[in-house]
Amino acid sequence: MLGLLRSIVQEVNAATDLATALEIIVHRVAAAMDARVCSVYLRDKQSGRYVLMASKGLNANAVGQVSLAADEGLVGKVVSRAEPLNLEQAETHPAYHYFPTTGEEHLSAFLGTPIIHHRKVLGVLVIQQTEKRRFDESEEAFLVTLSAQLAGVIAHAEATGALNSISRQRREAKFNGLATSPGIGIGRAHIVAPSISLATVPFTQCDNVDDELAKFQQALSSARKEIRTAGEHLKHDLNREERALFDAYLSMLDDNSIAVEVYERIRQQLSASRAWAEVMLEHVRKFEAMSDSYFRDRAADVRDLGARVLTHLYQQHNSPQDYPQNTILIGEELTAAMLAEVPREKLTALVSVKGSANSHVAIIARAMGVPAVMGAQDLPWEQVNDVDLVVDGYRGELYIHPSAELRHHYKEIVAEEHKLARNLDYLAELPGETTDGHKVHLWVNTGLMADVVRSLDLGAEGVGLYRTEVPFLLRDRFPSEEEQREIYRQQLQAFAPRPVTMRTLDIGGDKSLSYFPIEETNPFLGWRGIRVTLDHPEIFLAQVRAMMKASLGFDNLRIMLPMISGIGELEAARNLVNRAFDELLDEGYTIQRPPLGIMIEVPSAVYQARELAQRADFISVGSNDLTQYLLAVDRNNSRVAGIYHSFHPAVLRALQQVVTAARETNTQVCICGELGGDPAGALLLVAMGYDELSMSATNLPRVKAVLRATNKTDLKRLLEQVMQMHGPEQIEEKLQSYLQALGFKSLLQSFPSPRKPN
């Protein structure tokens, strides 16, 4: 039975279009279950009715003509119940609805199972027999299992097929991905793809080994020059750290081990192109097979580099591309080198079918302030070239052929962004305070040097989170203590005398180092954050020494410990920090002992918040991870990302519990997750009593504008109402109406509420 299931799913996966996929389903299932009839009904998105789309056994002229409402007939009963319906004598059921055109008057036994994808009933798979009998448990179980496996395949095929219809009729369609760089992009799609594929290089041998070796060396040299040119193209948009991403590309080309493998194969009389393709494909497969998302993302870089070298081996040089104004760059797997080829003044947004927030192109997009959506798995990207698009980098949504209403909606958001941008100087000079004088410190989260100037221009009062792992991620080894000191001093000097909160190395989970692999079955519950650095005090000591040495003369450093789950970890880390401080005093450094704080990101820390606050100089809530752990949801997993709600009542109660503990112990409390940069979330946090909100620099003017339009008394009343609510959707509606009353109609639409014009 399992082999049969796999066989059917594989055939459907190989289908070129939706109609073919459905025909395969009805014929294979009818044969497998020895059924007189097998039919598939799919939901029409416009009418909401379930249409007979394919059938083996019913009259052919009924296909595409027969349709039922969600509560009509036996098919409608399956839809409304969202569970199988197994009937011995279908015609006696109260919901039975006879359609003369189908020719089903002689059929009696009926088994229908829902096809469900992301909680929505896409359709119904039905088998029917002439005789009066109830399908047995094994038959029902087989059809349920098959429906579940086919749901995703049908959803993708339906999206692809719908796009063909959409393209002809220019109807609006929506696709989802992962929000990786905030902002709104309205423009025209431009598809990019490697012109040559490693997988299609034929097996060829060479007669002259020396000529092939020289040819390979020349191709490597040309590829290096091309990558350097791409890096130079972006040098005005990126700082030294971001440009190091291109150095990572070059280091791959300079990797002697890779070159040696290619040389060996060429010396065995394999052609240079074939030898290079074999070696690079082996490396691609190694990266793709790794469980860690950071390593899997590197497979795209390896594949892109492989294609670029192949281009030079074949001596093919692409002519300069003509990019449209407001280019939205789309590809199956975008890379930093592809991004670098687009003139910055024409680049509006990025969309990649594969990839995550940790991919090189996503990091660069955030540094450049370009909206980006990654992981748009269901998008038939090859078919959208030169199509009008809207990219919502806040929510990870993409709209093809946007309607006039939707365009107007997003243009309002863009207009408000521009309005805020024009008022930056005005807002930057004003304090973050409510109309009744309640002061809130607005800090920024940083990690790249590109964040610094933008943050200061926007009036940042300090750094609530400096991600020290970024310099570690951009290297092929641990940075030395002196290298770290130089990087940290740039941050401390840029913000002095404003405070800079440096989080100690936070790797593990979705952040791993290529030179320090962490292989675990469940990395988010494994060796990460403070657990790693306490187990490796040599790494921890070098880092905190570098931080304190960098603070010499500024004294604006605050050290923060990630992923603290109990008092023992805090005390162990404090002992190491004290040891490093004493060592530096002995070495003659005249520095002050920096405040030592903790991040509250796991539920155990919430329940021990009071005890932890008594022992820490400050506490800061990492709302992203805290929400993830409280709700048991990986927000980078598109299958469950919709369950991730920052306004879930459990999350809000945990946040309130932390701030209450901080107040009782007179401890400074901050929040540095994305919730602090959401204007609606900021209102609730201020009402709760958070002292500082730390956010991405892009969100700072939005939050400041909203805070300066309300007062603390009203916010407390709003919080009281919200804390009585039982679901995130209800809370979002309440916050929406509050923001609307303040006059921020378009601003609120770019934040959490999923309700947008259809």
Side-chain angles (χ1 to χ4, degrees), residues 1 4-15 17-33 35 37-58 62-64 66-87 90 95 97 102 110-128 135 138-163 165 173-176 377-378 380 638-640 642:
M1 190 64 75
L4 181 59
L5 276 169
R6 286 175 176 166
S7 174
I8 295 173
V9 173
Q10 286 172 355
E11 280 193 49
V12 174
N13 265 317
D17 53 49
L18 179 61
T20 304
L22 296 180
E23 285 298 316
I24 292 170
I25 291 170
V26 296
H27 283 83
R28 286 298 310 274
V29 172
M33 303 191 71
V37 170
C38 179
S39 307
V40 176
Y41 295 79
L42 294 182
R43 181 179 180 270
D44 178 72
K45 290 183 179 179
Q46 284 191 311
S47 67
R49 296 177 66 84
Y50 288 79
V51 182
L52 176 63
M53 296 297 292
S55 181
K56 166 69 170 68
L58 296 182
V63 174
V66 171
S67 69
L68 301 97
D71 57 354
E72 182 182 6
L74 299 179
V75 168
K77 198 71 175 174
V78 174
V79 172
S80 62
R81 288 159 48 105
E83 61 181 356
L85 183 62
N86 190 348
L87 301 174
H97 189 115
T102 62
F110 175 97
L111 173 60
T113 61
I115 301 168
I116 301 175
H117 184 67
H118 288 170
R119 301 189 183 184
K120 295 178 181 177
V121 180
L122 296 181
V124 178
L125 179 59
V126 174
I127 57 172
Q128 295 172 272
F135 291 96
S138 64
E139 290 172 311
E140 182 175 327
F142 175 82
L143 205 64
V144 169
T145 307
L146 182 62
S147 296
Q149 289 204 30
L150 291 174
V153 180
I154 291 175
H156 181 72
E158 189 179 44
T160 306
L163 191 64
S165 170
K174 174 187 169 186
F175 297 88
N176 294 307
Q377 296 286 348
D378 289 333
S638 58
R639 186 169 292 177
V640 295

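Sequence positions, counted from 1, serve as the residue numbers for this chain. Source: prediction; values computed, not measured.
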- Message: side-chain contact (heavy atoms from CB on, under 4.5 Å), that's the test. Do Ile116 and Leu122 meet it? Break it down for me.
- Response: CA-CA 6 Å; Ile116 301 175; Leu122 296 181; over 6 Å; no
- Report the C-alpha distance between Val51 and Val63 in whole Å, list the side-chain angles of each, state the deciding distance to 0.1 Å, and finish with yes or no for side-chain contact (heavy atoms from CB on, under 4.5 Å). CA-CA 8 Å; Val51 182; Val63 174; over 6 Å; no
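Here Ile24 contributes atom CD1 and Gln10 contributes atom CD; the two are 12.0 Å apart, rounded to the nearest 0.5 Å. Remark: Ile25 CD1 to Leu146 CG distance equals 7.0 Å, nearest 0.5 Å. Rounded to the nearest 0.5 Å, atoms CD1 (Ile8) and NE2 (His27) are 13.0 Å apart.
Listed by chain and number, the residues in a side chain to side chain donor-acceptor pair (under 3.5 Å) with Arg49 are Ser67, Glu72 (sequence neighbours excluded).
Listed by first and then second residue, the salt bridge (charged side-chain N to carboxylate O under 4.0 Å, His left out) pairs involving residues 138-151 are Arg133-Glu139 (not counting sequence neighbours).
Put simply, the side chain of Met33 reaches to within 4.5 Å of the side chain of Leu143, judged on heavy atoms. Counting only heavy atoms from C-beta outward, the side chains of Val124 and Val40 never approach each other to under 4.5 Å. Within the 4.5 Å cutoff, no side-chain heavy atoms of Ile115 are placed close to those of Leu150. At a threshold of 4.5 Å between non-hydrogen side-chain atoms, the residues Tyr50 and Val121 count as touching. In this structure the side chain of Val37 reaches within 4.5 angstrom of the side chain of Ser55, judged on heavy atoms. In this structure the side chain of Leu42 reaches within 4.5 angstrom of the side chain of Leu22, judged on heavy atoms.
In summary, of the residues considered (Val144, Thr145, Val78), a side-chain contact (heavy atoms from CB on, under 4.5 Å) with Thr113 occurs for Val144 alone.
Residues Tyr41 and Ser39 come closest through the heavy atom pair CE1-CB, 4.0 Å. Of all heavy-atom pairs spanning Ala54 and Glu23, the tightest one is CB-OE2, 3.8 Å. The two residues Ser147 and Pro114 have their closest heavy-atom pair at CB-O, 3.6 Å. The two residues Val75 and Phe110 make their nearest non-hydrogen contact at N-CZ, 4.5 Å. Scanning all heavy atoms of the two residues, the minimum distance from Leu125 to Cys38 falls at CD1-SG, 3.8 Å.
No donor-acceptor distance shorter than 3.5 angstrom exists from the side chain of Asn86 to the backbone of Leu111, with no hydrogens or angles considered.
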